[in-house]
Amino acid sequence: MAGVRRAWRETVRVTRRKAPPGVRREIDAFLGIGPVQVAELELGGEPGAEADGTGAEAGGVRAGADGTGAEAGEARAGADGTGGRAVLTPGPGSPPVTAGAVFVLVRRAGVPVGTLLGQVPEGADPARVLAGLARELPRGAPSEPLPAPPAASVVVATRERADQLARALDSLLAQDHPDFEIVVVDNAPRTGETRELVERKYGERVRYVCEPVPGLAVAHNRGLAAVRNEVVAFTDDDVVADPRWLTELTAPFADDPRLGCATGLILPARLRTPAQVLLESHGGFAKGFVPRTYDPEHPPADEPLFPFTAGRFGSGASMAFRTAVLRAAGGFDPATGAGTPARGGDDLYGFVRVLAQGQRLRYTPRALVWHHHRETWRDLETQAYGYGAGLTAYLTAILVNRPALLPAFLARVPGGLAHARGLTAVRATGDGPDPGSGAGAAPGGHDSRTHPWPRRLARLQRRGMLYGPVGYLRARRTLRAALREAR
């Protein structure tokens with residue numbers, strides 16, 4: 001961790017020297033954000049949920065990062081007040097939990113039910129301290145048995161990140177889904193490192209596909225064309241997937257013939273740097289712990305901009321589509337997404353296109369991946385600008401490709417402007433309990449806002465929103481040139 005912190009501090013110092021006084025003050029406040037440990041706490045669920053004799057609780061507690069089912073530093077507490085026992089394990093790739101701030105995913109019988117931020121005093125048993133705080137979380141609805149999931153394909157687009165890809169593939173190969181394939185799309189590779197990794201380490205367990213044209217949406221479309229199964233799931237090369245991720249994400253398709261898309265829960269794998277903590281304290285990628293179905297035939301009353309606020313539905317690191325539905329929609333717009341001048345928006349485009357076809361979208365928090373957030377201030381600047389650009393780029397793409405949606409969009413413009421102002425407003429520090437008190441909202445506790453959002457990042461996001469339509473049109477021109485060159 002020390003090496004990581006030195007690297008981003010040096011980057012921030014360079015940025016700070018060139019910044020105006022106001023931005024320097026924001027950077028100084030940013031540098032004061034301390035690291036937070038990441039862990040999971042299993043509370044045992046309903047009475048009668050017993051250990052299965054292997055060290056895992058009923059319901060599918062995450063296996064160890066080493067593939068043996070054990071976690072280094074596993075701690076066990078006594079009764080948690082629910083009739084079960086509490087089992088504390090570090091987050092994926094994290095060391096055993098010690099004194100200090102801890103971001104905790106709480107499970108009951110393996111099912112994610114909430115997050116909390118706890119402060120473990122020196123000399124205290126982390127499991128007992130955190131189990132005591134977790135008793136305050138709602139128990140949630142009883143888990144219902146899942147139908148048998150349909151055959152699924154997992155597409156992972158990547159570019160020159162073999163180390164991260166290997167970590168993601170290891171977690172995907174450990175999925176408990178009964179029938180799935182994995183397709184790696186090597187996007188505009190500069191070296192043969194990704195191909196060599198897949199062929200050497202994963203052999204016939206993972207299919208390798210090369211897409212020479214750069215862009216995340218282009219790579220996803222290449223994967224979509226290659227898959228063979230009823231449902232296609234997409235995730236990123238910087239995640240660690242929970243062993244039940246694919247089963248939980250795809251099982252809803254078996255029960256609902258009108259379900260065109262499903263999204264899942266995304267939590268931080270690490271909170272080591274101020275950038276990671278700041279992003280997660282303002283919601284990160286999490287969409288909460290309550291499952292929800294979005295139906296275009298019954299627009300949600302609390303979503304007046306539906307379906308154009310697609311960011312509320314989920315994110316591209318954890319999404320699945322009925323393969324035939326996504327193909328019928330034309331896949332993702334190749335002029336959107338990371339790696340193009342549009343900067344992003346490919347996942348949001350896919351959500352809206354599926355909903356526009358009359359299909360439902362299901363958010364299920366039981367489908368969990370752990371995401372490795374970006375680490376530096378400069379990363380946050382790039383991300384803030386890219387989010388803004390991707391938002392308006394995908395809206396432009398929707399209207400270019402589906403002009404029939406223009407009247408519905410124009411009717412929502414006044415509300416959309418208000419939403420945009422709220423989206424990019426400078427966020428105040430939350431009024432919740434001090435994390436040092438041992439209780440309170442966690443980073444990622446659904447906009448707990450435990451740290452102020454820098455004005456610099458808000459301004460960059462607004463600039464990105466202004467640029468998005470221009471970026472999309474530039475991306476279309478760039479794509480046409482790239483396709484001509486590829487031929």
Side-chain angles (χ1 to χ4, degrees), residues 153-161 165 183-189 194 209-227 232-239 260-261 263 285 307-308 310-311 313-323 325-357 361 382-383 385-402 405 464 467-486:
S153 302
V154 182
V155 173
V156 185
T158 188
R159 189 182 193 192
E160 307 299 348
R161 300 205 295 188
L165 175 64
V183 177
V184 166
V185 181
D186 195 3
N187 188 213
T194 298
V209 175
C210 182
E211 172 49 65
V213 177
L216 184 57
V218 176
H220 280 168
N221 285 341
R222 182 69 179 86
L224 176 64
V227 299
V232 55
F234 297 87
T235 191
D236 295 342
D237 61 5
D238 56 0
V239 307
C261 179
T263 61
F285 299 96
F308 298 107
F313 307 149
S315 298
S318 181
M319 61 182 182
F321 297 83
R322 201 177 297 277
T323 305
V325 169
L326 186 56
R327 286 174 175 167
F332 303 94
D333 187 313
T336 60
T340 73
R343 302 292 191 101
D346 56 310
D347 50 351
L348 309 184
Y349 176 89
F351 300 156
V352 175
R353 284 302 303 264
V354 166
L355 288 164
Q357 291 191 152
L361 183 151
T382 301
Q383 198 166 25
Y385 187 85
Y387 280 170
L391 173 65
T392 52
Y394 107 81
L395 289 172
T396 305
I398 286 290
L399 298 179
V400 167
N401 293 305
R402 284 293 302 272
L405 292 176
Y467 165 80
V470 176
Y472 174 71
L473 297 177
R474 287 178 178 172
R476 286 171 64 93
R477 290 196 296 270
T478 301
L479 177 65
R480 285 195 294 267
L483 290 173
R484 285 195 299 270
E485 184 176 336

Output, in order, the C-alpha distance, side-chain angles, deciding distance and verdict of side-chain contact (heavy atoms from CB on, under 4.5 Å) for R402 and V352. CA-CA 10 Å; R402 284 293 302 272; V352 175; over 6 Å; no
Sidechain-backbone polar pair: [X] side chain, [Y] backbone, donor-acceptor under 3.5 Å:
X	Y	value
R222	E211	no
S315	A317	no
T263	F313	yes
N187	P212	no

From [X] [atom1] over to [Y] [atom2], what is the distance, rounded to the nearest 0.5 angstrom?
X	Y	atom1	atom2	result
T478	L473	OG1	CG	10.5 Å
L391	R343	CG	CZ	14.5 Å
R353	L326	CZ	CG	9.5 Å

State, yes or no, whether a side-chain contact exists between [X] and [Y] at a heavy-atom distance under 4.5 Å.
X	Y	result
S153	T323	no
M319	L361	no
T194	P189	no

Give the minimum heavy-atom separation between [X] and [Y], together with the two atoms involved.
X	Y	value
G350	F321	O-CE2, 3.9 Å
L405	A356	CD1-CB, 4.2 Å
A475	A335	CB-O, 3.2 Å
D346	G337	OD1-CA, 3.4 Å
T336	G344	CB-O, 3.7 Å
T340	G215	CG2-CA, 3.9 Å

Residue pairs involving residues 385-399 (criterion side-chain hydrogen bond (donor to acceptor under 3.5 Å, both in side chains); sequence neighbours excluded): Q383-Y387
Please report the C-alpha distance between V232 and H220 in whole Å, then the side-chain angles of each, then the deciding distance to 0.1 Å, and finally whether the side-chain contact (heavy atoms from CB on, under 4.5 Å) criterion is met. CA-CA 10 Å; V232 55; H220 280 168; over 6 Å; no
Test L216 against F234 for side-chain contact (heavy atoms from CB on, under 4.5 Å), laying out the working first. CA-CA 11 Å; L216 184 57; F234 297 87; over 6 Å; no
How about Y472 and Y349: are their ring centroids closer than 6.0 Å? no
Partner of V155 under side-chain contact (heavy atoms from CB on, under 4.5 Å), picked from T235, L224, V185, is V185
Among all residues two or more places apart in sequence or in another chain, which pass the ring-ring contact (aromatic ring centres under 6.0 Å, His included) test with F351? none
